[in-house]
Amino acid sequence: MSDTIHMNMIQAINSAMDVMMERDPNVIVMGEDVGYFGGVFRATAGLQAKYGKGRAFDTPITEIGIMGVAIGMGAYGLRPVPEIQFADYIYPALDQLVSEAARLRYRSAADFTAPITIRSPYGGGIFGGQTHSQSPEGIFTHVSGMKTVIPSTPYDAKGLLIAAIEDNDPVLFLEPKRIYNGPFHGHYDRPAKTWADHPGAQVPEGHYRVELGKAAVVRPGEAVTILCYGTMVHVVANTVEEMGVDAEIVDLRTLVPLDIETIEASVKKTGRCMIVHEATRTSGFGAELSAQVQERCFYHLEAPIERVTGFDTPYPHSLEWAYFPGPVRIGTALKKILKD
Amino acid sequence: MSDTIHMNMIQAINSAMDVMMERDPNVIVMGEDVGYFGGVFRATAGLQAKYGKGRAFDTPITEIGIMGVAIGMGAYGLRPVPEIQFADYIYPALDQLVSEAARLRYRSAADFTAPITIRSPYGGGIFGGQTHSQSPEGIFTHVSGMKTVIPSTPYDAKGLLIAAIEDNDPVLFLEPKRIYNGPFHGHYDRPAKTWADHPGAQVPEGHYRVELGKAAVVRPGEAVTILCYGTMVHVVANTVEEMGVDAEIVDLRTLVPLDIETIEASVKKTGRCMIVHEATRTSGFGAELSAQVQERCFYHLEAPIERVTGFDTPYPHSLEWAYFPGPVRIGTALKKILKD
Amino acid sequence: MSIERDRANLPPLALHVPEPRFRPGDEADFSDVDVPPAGATRRPDTADAASSFHELAYGLVRVLDENGQAVGPWDPRLDADAKRRMLRSMALTRAFDERMFRAQRQGKTSFYMKSTGEEAVSIGAAMALAGDDMCFPSYRQQGILITRGYPIVTMMNQIYSNKADPLEGRQLPIMYSSKEYGFFSISGNLATQYPQAVGWAMASAAKGDTRISATWCGEGSTAEGDFHSALTFATVYKAPVIFNVVNNQWAISSFSGFAGAEATTFAARAIGYGIAGLRVDGNDALAVYAATQWAAERARTNQGPTLIEHFTYRAEGHSTSDDPTAYRSAGEPNAWPLGDPIRRLKEHLIAIGEWDEERHAAQDLELAELVKREQKEAEKNGILGHGMHQPFESMFEGVFEEIPWHLKEQQQQMLDEQKAAGL
Amino acid sequence: MSIERDRANLPPLALHVPEPRFRPGDEADFSDVDVPPAGATRRPDTADAASSFHELAYGLVRVLDENGQAVGPWDPRLDADAKRRMLRSMALTRAFDERMFRAQRQGKTSFYMKSTGEEAVSIGAAMALAGDDMCFPSYRQQGILITRGYPIVTMMNQIYSNKADPLEGRQLPIMYSSKEYGFFSISGNLATQYPQAVGWAMASAAKGDTRISATWCGEGSTAEGDFHSALTFATVYKAPVIFNVVNNQWAISSFSGFAGAEATTFAARAIGYGIAGLRVDGNDALAVYAATQWAAERARTNQGPTLIEHFTYRAEGHSTSDDPTAYRSAGEPNAWPLGDPIRRLKEHLIAIGEWDEERHAAQDLELAELVKREQKEAEKNGILGHGMHQPFESMFEGVFEEIPWHLKEQQQQMLDEQKAAGL
Ligand SMILES: Cc1ncc(C[n+]2csc(CCOP(=O)(O)OP(=O)(O)O)c2C)c(N)n1
Ligand SMILES: Cc1ncc(C[n+]2csc(CCOP(=O)(O)OP(=O)(O)O)c2C)c(N)n1
Ligand SMILES: [Mg+2]
Ligand SMILES: [Mg+2]
């Protein structure tokens with residue numbers, strides 16, 4: 001593995017694309033504002049200058065088109081990495097993603113495939129209001145034929161993105177935009193942290209992979225298992241630390257396919273399970289996690305599985321921090337599950 | 001209540017629209033082929049002839065447009081009842097439905113609302129292949145601001161559809177097309193049944209409502225609670241009868257808002273819970289049901305909650321009956337849960 | 001408040017809802033449909049700017065005249081062998097459609113869709129394209145596969161979802177896919193293939209390849225957002241793609257007016273994006289060939305996309321699930337002013353002394369026998385619902401490149417259950 | 001296989017990726033942009049068929065000439081009072097934008113979007129529409145609300161998400177909504193308002209009402225599928241709707257070429273659907289007024305929809321989150337050949353003796369004071385993140401007409417938790 005340097009999450013994501021474009025002439029990136037400008041979050045900065053307009057380019061503002069064109073490119077033999085500017089804007093592309101990309105291998109008996117990685121920033125905590133804050137991952141986990149990946153550190157972001165680009169099936173790669181610049185502790189009213197002293201921000205410069213479908217136990221513990229991903233990994237870790245609870249924190253990293261072994265082993269060990277995500281509660285991915293844990297660990301559970309999630313409302317602009325499942329709500333749930 | 005006559009589910013749905021168009025000049029129906037022809041399943045037959053082209057009309061083949069136009073009509077003061085020809089084709093409309101219709105009341109603080117009822121046939125069992133068989137209800141239950149309703153009898157279909165049309169929020173009304181003409185027993189290889197002798201096919205001619213958000217206990221029982229909806233209510237009922245199991249069958253009828261009281265009371269009574277749906281398993285609505293039951297009835301559960309669902313694959317054309325959660329799979333799960 | 005206009009005396013607004021000219025019971029009469037004479041339309045140079053021939057989007061490129069002669073600048077001057085191949089492909093497609101329609105009626109499969117009356121659209125195009133150009137069809141271009149020599153028996157295996165079905169029983173009948181034959185996997189969702197074709201073409205251009213793509217959708221499907229996204233991408237990147245709009249007048253029960261045909265042509269959509277637009281007599285195989293050839297040359301020389309509206313008529317029901325007499329005049333197909341594409345090419349070949357009625361009748365017989373023979377062959381592999389399907393466990397394969405644990409688990413569960421149930 | 005064309009000598013395909021003319025560091029020079037003289041464009045009768053004036057989609061309707069005179073058939077002949085109201089609304093909009101931009105920079109809110117340089121587009125239109133016509137705007141038509149006399153303080157309350165915000169703090173700043181003022185709730189998702197406007201217009205027509213609708217989107221947003229669905233529905237049902245495309249040359253960092261501007265105009269999209277298309281000098285408030293008036297008359301007399309492209313320039317950043325000097329020449333705004341809309345109308349009023357520099361300066365001062373005063377008033381109700389927001393429990397209201405049990409439960413949970421945490 002190559003030399004390790006400090007990167008924030010945007011730099012790590014940028015580096016993953018750079019590495020893959022360098023290695024594989026079939027990798028191309030495209031999307032609204034990703035070309036000359038390098039993306040509204042700068043994730044594709046420098047790629048057009050380095051690889052040319054034919055491999056990193058701006059697109060018309062039509063998510064249907066971005067996804068449909070990526071599928072055609074994939075059928076040709078390219079390996080497109082389209083960006084959807086905000087995950088909230090993936091809905092216009094849903095039919096192309098769900099009915100086409102995710103079904104192409106199956107319906108053509110592998111005659112055609114869709115080796116596409118869709119990158120999109122998601123989640124709240126940046127005062128983005130209803131349409132720049134959503135966490136739609138649950139919807140995609142319901143769709144057969146596609147994978148959903150969410151990193152929580154620069155290291156994972158780069159390694160998972162490389163693995164996603166190398167994967168021969170469509171992968172939705174959701175980027176927790178709240179932690180692009182630093183691991184969020186969950187206290188909106190305290191100074192923000194940067195990635196500076198975080199071990200997950202030591203990132204190899206070259207090619208490496210973090211395998212899809214493998215969770216990470218980011219904190220071993222005995223009292224309770226907490227399943228989470230993305231921004232919430234940091235909020236949870238910080239809350240657990242503040243409360244001094246011996247929780248085992250599992251960062252899922254890939255939602256589909258899920259690393260059920262790690263989850264099962266942890267819950268069977270701790271006997272308690274809590275699930276934290278930012279997405280709305282009803283039919284969120286937490287429901288699936290809860291169902292699976294219950295199915296597999298029923299006789300080991302000492303307390304009801306708890307879900308701490310976004311509320312079943314749109315993301316409200318001014319009450320963002322009341323909506324966000326922060327330390328207070330996670331803490332309350334933790335106390336409850338440990339008492340139960 | 002008016003006189004009761006025999007109706008199959010299509011007739012009941014047609015009657016609901018007829019009754020509402022008669023009572024309220026703001027109710028209009030529209031969609032692909034719904035006008036002169038009366039819909040590919042004949043659900044809107046006769047409405048254009050009776051109410052004119054301005055109130056029952058064909059549309060261009062653009063689900064974005066159908067949904068977007070319905071929202072504008074709703075904002076004007078109409079009460080549109082658009083049809084999406086197959087639920088598999090609702091994805092192009094997803095952005096308008098999810099980001100617009102479902103969010104309009106909230107984002108405008110009730111300045112504008114979207115009193116729209118989207119009707120769409122869903123589900124498999126008719127050899128419709130991958131794109132005429134899907135059950136996408138799970139996706140919509142994850143969306144705040146809209147309701148999801150699925151009837152299982154002609155009586156409920158009419159009463160629920162009237163309640164949906166009268167509701168001032170967007171309602172997705174999914175019609176289990178496998179049981180349009182008769183309650184399906186689950187045995188694809190035996191003669192089909194009609195609604196002829198089914199009590200749920202006795203339908204009042206005039207106006208009545210089946211309240212949204214209320215489940216029905218279609219068979220009281222003590223041994224296990226089975227949660228289901230749509231076509232599965234009949235498949236489950238038949239399997240239960242064939243096996244002679246004393247199951248309590250709860251027909252949810254409305255998925256959001258869910259009738260949690262009925263569910264909770266039933267599971268607390270039986271101590272066992274099984275969930276049956278046709279949709280793919282992962283992150284299907286069964287996951288949410290499982291999570292909620294577990295959260296509320298943890299200390300009453302004597303066995304793990306079981307999910308019997310469609311597999312996590314597209315709906316395969318020729319292996320439809322291996323995919324369909326029929327009597328064999330339901331039976332196996334029942335035996336397991338009763339033994340556990 | 002803004003300046004209030006006085007609207008007291010304004011007439012009320014009225015909603016215009018289109019209505020086709022003929023409904024069941026009406027006598028269909030298309031005598032007023034404007035059919036320009038064959039040979040009358042100019043053929044611009046393929047290097048000309050799209051903005052210099054807008055009128056072609058409102059005209060009708062026609063080659064075969066009333067006397068069976070090929071006339072005018074669009075005559076592709078094919079040799080007689082090529083024309084006979086064209087005729088044969090069209091006749092084979094029709095024979096195939098007849099046979100498979102009947103197979104569905106006999107309960108051998110669940111569904112079928114004919115292309116009767118529209119054979120020239122796919123076959124004319126397929127002959128003008130190179131064999132390795134990539135096609136992104138809708139469900140009514142079986143003629144492409146037939147023209148390209150895809151095995152008839154394989155098509156039937158797909159329709160029967162039997163054990164020899166290359167798509168392993170997973171797709172609705174007629175939703176073929178063949179990368180080898182340059183035929184993209186057909187989707188049930190309308191118009192999704194349009195931006196995909198653009199993506200393929202853009203990839204080909206980005207790679208400095210010489211292959212182009214072509215795509216088809218019905219006039220009804222042009223209303224989908226995908227259509228617009230495709231044309232927008234294509235005009236922006238000058239993608240080497242041919243857009244075909246098959247205007248067969250009907251979209252299930254909705255006439256073309258519900259896609260906007262009352263106000264303008266579908267070829268005119270091209271003008272809106274500044275791309276080349278052509279309107280072609282879709283029942284004239286030579287005109288379709290010529291238009292495709294012209295568009296392909298534009299694409300291959302980096303002149304960008306062309307949209308071709310094929311003005312034709314869906315002579316039969318939408319599919320086996322449809323009965324068109326419920327919504328349109330039964331006389332429409334016969335009254336259709338552009339005639340039958342097979343009859344027209346046949347008469348042309350006869351008129352130029354390269355064909356005769358006897359040979360045609362013999363060919364019809366031969367093709368009927370051919371499809372019957374292929375059908376027998378196919379049925380050896382099974383028909384839908386009669387046991388000779390793919391193994392049950394195959395259902396879980398191909399969702400992903402590798403089967404993930406949860407699908408393996410579901411697969412095992414299904415096998416266990418089936419075993420326990422004695423299935 | 002099909003006839004193989006010999007492609008051995010064909011040149012390789014190439015992907016065309018558009019590139020704006022000027023990037024940071026370049027000197028912007030628009031001297032070759034074709035600006036037709038004011039007054040030169042004909043004004044068809046509003047009853048004329050859309051197909052009879054295609055050239056208007058490629059021209060530029062202009063009323064104000066270089067000498068500040070209003071000339072030609074499109075001159076709406078407004079009286080001086082109306083013109084001064086127009087000028088004032090534009091100046092007020094600009095003053096408002098300045099103030100709120102600064103408020104965002106001061107941390108008083110999260111986000112702001114100016115309409116600087118494009119004020120004529122919304123204000124010219126709002127003045128030509130009736131007060132009860134329904135507008136479906138994008139995020140850059142604050143000028144409509146200002147023209148219609150919506151309270152400035154209420155706009156600010158929305159921007160601050162404070163306790164007097166009529167949208168109860170739920171929406172991003174500038175996403176106004178006011179049914180009373182005929183201003184549809186703004187969405188974050190581009191172009192969704194287009195089919196909604198068509199639906200409203202269709203409803204109005206179906207009801208025999210006389211009100212019409214109008215909608216706006218940026219040139220970049222025309223690429224969305226919603227745009228196409230809207231135009232398709234509108235042409236099919238002849239909906240009484242005005243489509244405005246605000247071509248301000250940029251979509252965040254992407255120039256109009258990425259929406260297709262290299263190949264044709266945005267007004268030409270209209271031709272593709274057979275609807276009326278106009279291209280207008282968007283920095284000429286009188287031209288915008290005249291075009292809107294003409295389109296409104298068409299709509300009100302059941303002539304159907306009109307699409308108006310407003311050719312203008314986004315003089316500042318996309319939003320407070322954007323720095324345009326990163327992707328375009330800093331000199332572009334000043335080099336823009338169509339000038340500033342406020343300056344142009346001001347000079348016209350001066351030229352006709354109805355205004356002078358002193359009055360203008362005084363008005364500017366007055367408006368600056370006005371917005372300052374309103375801002376103070378608004379800030380009494382709080383600014384974003386400083387406590388004076390809506391009550392927490394309000395978050396659960398308005399998701400549905402009645403709060404369902406699960407939201408009540410979540411509401412209670414939140415209140416309990418906050419209480420327990422001493423918040
Ligand atoms: C997204 C989507 N919406 C609706 C349908 C249902 N549908 C199937 S075919 C059809 C009509 C298409 O008509 P047209 O495009 O004219 O093609 P044609 O059948 O005439 O060849 C419709 C509405 C579908 N398959 N996909
Ligand atoms: C569906 C969707 N995709 C992407 C975005 C992100 N976005 C916001 S504004 C914008 C540019 C729009 O440009 P244009 O339509 O020209 O309007 P302008 O800002 O110039 O007024 C983009 C891409 C969005 N809001 N919605
Ligand atoms: Mg058609
Ligand atoms: Mg713009």
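These numbers were taken from a predicted model, which means no experiment stands behind them. Proteins get letters first, then strands, A, B, ... in listed order; numbering begins at 1 in each.
With rounding to the nearest 0.5 Å, the separation of CZ in R211(C) from CG in L10(D) is 13.5 Å.
The stretch residues 190-204 of chain C places M202(C), S204(C) near chain D, each with some heavy atom under 4.5 Å from a heavy atom of that chain. Near-neighbour residues of residues 262-272 of chain C relative to chain D, defined by a heavy atom under 4.5 Å from a heavy atom of that chain, comprise E262(C), A263(C), T264(C), T265(C), A268(C), R269(C), I271(C), G272(C).
In this structure a side-chain-to-backbone donor-acceptor pair under 3.5 Å is missing from N302(D) to L13(C).
Contacts of F233(D) with chain C are absent, with no heavy-atom separation under 4.5 Å from either backbone or side chain. Contacts between A259(D) and chain C at a heavy-atom distance below 4.5 Å involve the backbone alone (N, CA, C, O). Only the backbone of T222(C) comes within contact range of chain D, judged by heavy atoms closer than 4.5 Å.
Among A261(C), G208(C), G225(C), the residue with the largest count of heavy-atom pairs under 4.5 Å with chain D is G208(C). Of all the listed residues (A14(D), P12(D), G274(D)), the one sharing the greatest number of non-hydrogen pairs under 4.5 Å with chain C is A14(D). For chain D, the option among S229(C), A206(C), G260(C), A223(C) with the highest count of heavy-atom pairs below 4.5 Å is A223(C).
Residues V236(D) and P18(C) form a side-chain contact, since some pair of their non-hydrogen atoms from C-beta on lies under 4.5 Å apart.
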Do any side-chain atoms of residues 237-244 of chain D form donor-acceptor pairs under 3.5 angstrom with protein atoms, and if so which ones, sequence neighbours left out?
from: Y237(D); atom 1: OH; to: D58(B); atom 2: O; distance (Å): 2.4
from: N244(D); atom 1: OD1; to: H310(D); atom 2: NE2; distance (Å): 2.7
from: N244(D); atom 1: ND2; to: T215(D); atom 2: O; distance (Å): 3.1

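Residues passing the ring pair (Phe, Tyr, Trp, His ring centres under 6.0 Å) test with Y150(D) are Y181(D), sequence neighbours excluded.
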